[in-house]
Amino acid sequence: MPELNLVQAVNQALHQAMEEDRRVLVLGEDVGLNGGVFRATEGLQQKFGAERVVDTPLAEIGIIGSSIGLAINGFRPVCEIQFDGFLPSGMDQILCHMGRMRNRTRGRHTVPMVLRCPHGGLIHAPEHHSESPEAYVCHTPGIKVVCPSTPADAKGLLIAAVRDPDPVVFFEPKLLYRAAKGEVPQEPYETPIGKARQARVGSDVTLISWGAMAHTCLKAADMLDKEGVSAEVLDLRTLTPLDLDAILASVQKTGRALIAHEAPNMGSWAAEVSALISERALLSLKAPVRRVGSWDIRMPLFRLEKHYIPDAERVLRAAREILAF
Amino acid sequence: MPELNLVQAVNQALHQAMEEDRRVLVLGEDVGLNGGVFRATEGLQQKFGAERVVDTPLAEIGIIGSSIGLAINGFRPVCEIQFDGFLPSGMDQILCHMGRMRNRTRGRHTVPMVLRCPHGGLIHAPEHHSESPEAYVCHTPGIKVVCPSTPADAKGLLIAAVRDPDPVVFFEPKLLYRAAKGEVPQEPYETPIGKARQARVGSDVTLISWGAMAHTCLKAADMLDKEGVSAEVLDLRTLTPLDLDAILASVQKTGRALIAHEAPNMGSWAAEVSALISERALLSLKAPVRRVGSWDIRMPLFRLEKHYIPDAERVLRAAREILAF
Amino acid sequence: MPITSADRSRTERIEILSPEGVRDFSIPVDLPADQLLSLYRKMVEIRLFDERSVKLQRQGRLGTYPMILGQEASQIVPASCLKPKDWLVPTYRGQGAYYARGMRLRYSLLYWAGDDRGVKFPDENNDLIFAIPVGSHLTQAAGLAWGEKLKGQGGVAMAYLGDGTSSKGDFHEALTFCAAMKLPAVYIVENNHWAISVPREKQSAGKTLAQKAWGYGAFGVQVDGNDVFAIYKAVSEAVTRAREGHGPSVVECETYRLSHHTTADDAGRYRGSAEVEAWRGKDPIARLKIYLERENLWDADKEARLQKDAAAALEMEIQAYEAFPPPNPLDMFSENYAAAPWHLIEERAELQKILETKTGEENLPVLPPAEGRFP
Amino acid sequence: MPITSADRSRTERIEILSPEGVRDFSIPVDLPADQLLSLYRKMVEIRLFDERSVKLQRQGRLGTYPMILGQEASQIVPASCLKPKDWLVPTYRGQGAYYARGMRLRYSLLYWAGDDRGVKFPDENNDLIFAIPVGSHLTQAAGLAWGEKLKGQGGVAMAYLGDGTSSKGDFHEALTFCAAMKLPAVYIVENNHWAISVPREKQSAGKTLAQKAWGYGAFGVQVDGNDVFAIYKAVSEAVTRAREGHGPSVVECETYRLSHHTTADDAGRYRGSAEVEAWRGKDPIARLKIYLERENLWDADKEARLQKDAAAALEMEIQAYEAFPPPNPLDMFSENYAAAPWHLIEERAELQKILETKTGEENLPVLPPAEGRFP
Ligand SMILES: Cc1ncc(C[n+]2csc(CCOP(=O)(O)OP(=O)(O)O)c2C)c(N)n1
Ligand SMILES: Cc1ncc(C[n+]2csc(CCOP(=O)(O)OP(=O)(O)O)c2C)c(N)n1
Ligand SMILES: [Mg+2]
Ligand SMILES: [Mg+2]
């Protein structure tokens, strides 16, 4: 199998999705000739033309709102919001409309669209380019939220998202765009939305995460291994709907759960996962669930970001605490 | 002491805040001559003039963004977003700027503003008029979030919010505007931001909530009383910063915690509270923490809202479950 | 030349049928008598519905209701310029627009009674549910128009908005998209002079709202919004321009909200009666009636029959509305996703259990007094 | 007249100093020689800074940096029309604007090296940090202007934005507020023809961006954005209008981004060199130099000295920048609230513990290769 990095896998998924369904459109800022600022849409306009791969005006309400309209009108728009920090300027369409249209119209109008958005930090980007806004979207009914951590999952989940009859917000960990490499099957395939991935089998503690932080957890698991601790690593991949069965099964086995993520900790999606575990597996817990997130302050400019976003050491420290509980 | 309902208490707080500080301005849609659609700003324009009480154009980015600018420029704007469902159209300013300016400018520019917004449902309002968007704001660093449940607290907390050197989002439970009545001291006073209120003393279970749901919990507590269960009711009043000491003290006493709120349950602020309790008071728990929120779907039109937002019976059922655990 | 004119513009205002019912024939409007009469009938019928709805609300038989009194022309005429497969996206003050498209009034009532089953448009139509957050439908309409352009069959998308809503950034981004991509969209600005209590002047220092179009390179025109002929001319021309690939238009219909913002509002708090009275004299229905009578297209008998038939038909719709069985609370769990995820299956089951313990209290909900409750 | 003109507008374009350095004296511009020379010097100095910053980035001594090459006039001149106590809100492509206000270049470098201590403006100024989400500063600038109006001392707020940013709804709401309330605001649209890879034409079908102003009832004018005199005339008049209570203006400076969007961008992917070369011929500095020399205000010696002094001063700033001690990670916890809440005290303590276990690795961060990483 060919080896691709994550952005190449995204790019291949988009090529194949556009090939297999003429209704699929790609729109956003700089997605055309420039191929996207991360090259995720590279070659699409050359191949599918400027009618199907569209550089829009610089307007996020317009990008998301018109995508909703296109989806209602029978198309399969895949829009790109260039950075996580710019999602809020189109937030109204996400919170008030994207996930509601099907229910409001009793199923007559649906919104089969994908909103792609880079996610997370640690690439020394300017301010507002390293955010992790998943909690805002996950709290909003009617939307599915995906955040892969491997090239193979990125491709399979993106193809599944484009084929999905409902809106999917697809977060792409920008740190992994080039850093994450792996074998990716050439032909189109789906990775099921709503299923977590057991990234590492273990028995003493379950490290739960998504996106770039899944790799941080794997690194921490190796460190724990040296300390004689067997850590299981769960890569959620889909944030809503959550794969609760996989989470509970693992925690019932290990008795200890740690959730690592990049967003400010309070009110994060990790809080939901932590709450669900304690609410539903209380008697299996040998120690309190532990969350390791970014500090509850604005992300500093990049020179300090490595002290803001949890690294393997911080995950390790927290794991040690609950192991010693 | 005079008896006021909650909207009268808010109105009195605004009158007194404008009296004591010339820098205080009130702006928003219909806040002037009309006195606000709920009459919260009644009489302000007549008393303080159209320069300090301003009917703005219909534009939420403009309302919140210009309030941030006014605050930076030495004023104390109190802006109103007419309904919870319209907060998302100004969300960019809240998520990206309101709470960040102090940190980004190393304290040189601060944003001492209050954003008032009606909150919650059950008044048979049209669509998008009955939302509970607190989780979106609580997850955002640099902002304080308040949601009172009594007239006395509404007045004291609003005065405290206007005097606060940092941005405060002030949610006003619209169901209580007229329904909640109580004695309110005439003179200006502060109710401390960040402190919960023990609304009812009990020993078997702690019912935690905020806003209108605090009254639902009190009602459920009475029902539990008839069943011989002594329920403590905690009215958080402030959502961030959270009064964790009060929460843990109560749960350590009762060993059982239930959080009731109006927002869709997943990713809600109740998830944060639930997670914190289990993470920090695990050994005191006699039963899993239980959350009682609205269903994780769009709020239906008002005819079904009473089946969507938890009522005392739903709180009661959930309390029974954890008591029987 | 050092100081040159980079671009110039002129925003026209069209008036054809005067408040006194005098038509200016120097401006050709291709509106055959039968069509004109059907517009008149719909305007009369929807006014009757409007009056009746307010009564129903006062009687606690309906929820908060937004009146269209005085805006019958700007409501009925634009939507009537569309084909069923064109897209229509009205506002919450859109009963007239939907009615012009053939929506049954029982559903409008059901919707404003807080029942989601009221969202029911004729199957052959492309009607979209309006958005309560004002302006948030405008970029969606741009997307609908975009889709029509891609389909290439001459379809058009029309969205309504109010004078206040033209201040929202959504308007800017929608028009920017439509003009930059030459999308077949028509935006009807119903300038009824008020956004709840905020007068038109406070929304924009621009002399007209139509002139905003120029900034986007779109076409803009202002018309007397109580003048069926002026509206019909401007909107049908805008629709044709859109169909033929010449891009979007903004048609500002200057009309007036004769009633309160909604049944929950008290306009007496913020505006004087003189202004209202002046506008009563410009009533869109009255002036058209005078014209039709002068042209011998209408008379007292016809009017009496129309009033009688309309009242009877409306009664039937009201009965049909009130005859709807109570909604099943479990229905709210359907149509959230194509396939319900585990947590919704769980929650639905929980609600079912709860409902089983409850006893039939499912009649029309007791509605709260509207006073100042919500706009 | 049935079809009347509701309003008309004309957007002017001002050109005074031709690309060949020929000044049109028929248009009076009150710009004394000393002031003109200081503008020239600042433009030369900031270009030197710009070139040097790119080199530093390529050497891994600076983070992603947004070039202003070619926009020196539209950067330096507008900000120079303000008093220190007026408010300035530039964009991320704003080193020139800040420099015109006296900000020390070491801080610009520090900021683009990802160090929050770089947000440091002269104490006597009212400079605001720019917003990275484009356009989100525009309504804040309206609020600043609103504050100045309330203070009534003739203060003004000026905000810069790009051609692409003029498509954002924020622009609409900001101008709507400013015009409706007659706020003393000046919006400088730096139309450099590109929004990363998206050309100006795709942002708006409008012939100019300045003409958007008319829709709000604001004043709009387009100028040659590489022409110091045209910019100075238009902006200083706009500032005066604002000071005197006549409301907001939009001044579109038509210029060109000669370099990449940022050091992370490769403009070769989306635009041809012919266009770029054509614009090199309109260089704002070159044409001013020709004019100054012809007027005997400037010569080769002066130029040599300026280049030498500027290079030396810049070297000092770079040294000062690199001499900054590493930032203390704990600083990020200061200035989040006036008083830190319990959870931040807890988190800060946790970070402190972590730091104690770490060993001094706090030199300038190793910066990643920029290629396609972020704009
Ligand atoms: C985004 C948003 N903000 C505020 C409101 C509350 N609101 C409902 S109608 C209205 C006035 C709208 O005025 P206009 O656009 O002129 O339409 P009209 O009601 O006159 O038909 C307001 C402020 C809303 N629905 N949506
Ligand atoms: C809201 C938002 N969307 C997208 C971006 C990403 N982005 C950064 S600069 C830029 C182009 C801006 O173009 P323009 O306004 O013309 O300013 P210029 O860069 O040319 O100075 C884009 C799309 C952003 N910073 N903010
Ligand atoms: Mg109106
Ligand atoms: Mg540009």
Side-chain angles (χ1 to χ4, degrees), chain A residues 22-23 25 27 51-52 54-75 77 79 89-90 92-93 95-97 99-113 141-144 164-167 193-194 238 240-245 276, chain C residues 87 89 116-121 123 126-133 135-152 155 157 159 168-181 183 185 216 331-344 346:
Chain A
R22 299 207 72 279
R23 299 169 303 169
L25 310 170
L27 59 138
E51 264 218 332
R52 289 182 66 195
V54 182
D55 281 323
T56 65
L58 205 181
E60 280 72 15
I61 302 171
I63 290 169
I64 303 173
S66 64
S67 294
I68 291 173
L70 282 162
I72 290 171
N73 200 358
F75 291 85
C79 70
S89 64
D92 189 38
Q93 290 296 322
L95 269 45
C96 293
H97 291 289
R100 293 183 184 229
M101 198 57 78
R102 177 189 283 275
N103 188 262
R104 293 171 74 219
T105 62
R106 318 309 300 143
R108 175 160 179 176
H109 292 132
T110 60
V111 183
M113 67 177 277
I143 303 172
K144 299 177 180 180
D164 198 278
D166 290 304
I193 292 174
T238 297
T240 50
L242 198 60
D243 189 352
L244 186 62
D245 292 345
L276 280 171
Chain C
W87 287 91
V89 196
D116 278 296
R117 292 171 299 176
V119 181
K120 182 114 186 54
F121 314 110
D123 295 336
N126 274 327
D127 299 329
L128 194 67
I129 173 74
F130 54 79
I132 295 273
S136 58
H137 61 303
L138 300 175
T139 55
Q140 294 169 12
L144 295 170
W146 188 345
E148 291 308 311
K149 181 183 181 182
L150 288 170
K151 291 176 180 174
K168 292 278 297 176
D170 303 67
F171 176 82
H172 188 72
E173 301 198 8
L175 265 295
T176 295
F177 267 61
C178 289
M181 297 193 252
L183 303 181
Y216 310 106
D331 283 351
M332 63 174 113
F333 281 101
S334 61
E335 297 298 350
N336 289 286
Y337 296 91
W342 66 269
H343 61 281
L344 294 191
E346 220 181 77

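A, B, ... follow the sequence lines: proteins, then strands. Residue 1 opens every chain.
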As an exercise: rank Val54(A), Thr110(A), Asp245(A) by heavy-atom pairs under 4.5 Å with chain C and give me the winner. Val54(A)

Are side-chain heavy atoms of Asp170(C) and Gln93(A) found at a separation under 4.5 Å? yes

Heaviest contributor of heavy-atom pairs below 4.5 Å to chain A, chosen from Thr176(C), Asp331(C), Asn126(C), is Asp331(C)

Hey, which of Pro241(A), Pro57(A), Gly194(A) has the most heavy atom pairs under 4.5 Å with chain C? Pro57(A)

Closest heavy-atom pair, Ile143(A) versus Tyr337(C), reported as atoms and distance to 0.1 Å, is O-OH, 3.0 Å

Where is the tightest heavy-atom contact between Ser136(C) and His97(A), given as atom of each residue plus distance? OG-NE2, 2.7 Å

Please find the pair of heavy atoms, one from Leu144(C) and one from Gly69(A), that lie closest to each other, and give the distance. CD2-O, 3.3 Å

Is it the backbone or the side chain of Asp166(A) that comes under 4.5 Å from a heavy atom of chain C, or both, or neither? side chain

Measure the spacing between NE2 of His343(C) and OG1 of Thr240(A) and express it to the nearest 0.5 Å. 7.5 Å

Can you tell which part of Ile61(A) gets under 4.5 Å to a heavy atom of chain C, answering side chain, backbone, both or neither? both

Check whether any side-chain heavy atom of Leu150(C) sits under 4.5 Å from a side-chain heavy atom of Leu25(A), and report yes or no. yes

Show the nearest heavy-atom pair for residues Ile129(C) and Met101(A), with the distance to one decimal. CG2-SD, 3.8 Å

Checking heavy atoms, do the side chain of Met181(C), its backbone, both or neither come under 4.5 Å from chain A? side chain

Counting heavy-atom pairs under 4.5 angstrom with chain A, the leader among Val89(C), Leu138(C), Asp123(C) is Asp123(C)

I need the minimum non-hydrogen distance between Ala131(C) and Arg104(A), along with the two atoms involved. CA-NH2, 4.0 Å

Measure Ile64(A) against the heavy atoms of chain C and call it side chain, backbone, both or neither at under 4.5 Å. neither

For Ile63(A) and Glu173(C), run side chain to side chain contact (heavy atoms under 4.5 Å, CB included): C-alpha distance rounded to whole Å, both residues' side-chain angles, the deciding distance at 0.1 Å, then the answer. CA-CA 9 Å; Ile63(A) 290 169; Glu173(C) 301 198 8; over 6 Å; no

Where on Glu51(A) is there a heavy atom nearer than 4.5 Å to chain C: the side chain, the backbone, both, or neither? both

Check the pair Glu148(C) / Asn73(A) against side chain to side chain contact (heavy atoms under 4.5 Å, CB included), numbers first and verdict last. CA-CA 8 Å; Glu148(C) 291 308 311; Asn73(A) 200 358; 3.0 Å; yes

Considering only heavy atoms, which portion of Thr105(A) lies under 4.5 Å from any heavy atom of chain C: side chain, backbone, both, or neither? both

Answer with side chain, backbone, both or neither: which region of Arg108(A) has an atom nearer than 4.5 Å to a non-hydrogen atom of chain C? side chain

Chain A interface, residue from Gly155(C), Gly143(C), Gly169(C), Ala339(C) that has the most non-hydrogen pairs under 4.5 Å: Gly143(C)

Taking atom CH2 of Trp342(C) and atom CG of Leu242(A), what is their separation to the nearest 0.5 Å? 6.5 Å

On a heavy-atom basis, the closest approach of Ser66(A) and Trp146(C) is OG-CZ3, 3.7 Å

Given that the side chain runs from C-beta out, which part of Leu128(C) has a heavy atom under 4.5 Å from chain A: side chain, backbone, both or neither? both

So the salt bridge (charged side-chain N to carboxylate O under 4.0 Å, His left out) pairs with at least one residue in residues 56-69 of chain A (sequence neighbours excluded) are Glu60(A)-Lys168(D)

Honestly, the part of Phe333(C) sitting under 4.5 Å from a heavy atom of chain A is neither

Turns out that what part of Pro165(A) lies under 4.5 Å from chain C's heavy atoms comes down to side chain

In this structure, CD1 of Ile68(A) is separated from CD of Gln140(C) (nearest 0.5 Å) by 5.0 Å

Checking heavy atoms, do the side chain of Ala174(C), its backbone, both or neither come under 4.5 Å from chain A? neither

Arg106(A) side chain near Ser334(C) side chain, heavy-atom distance below 4.5 Å: yes

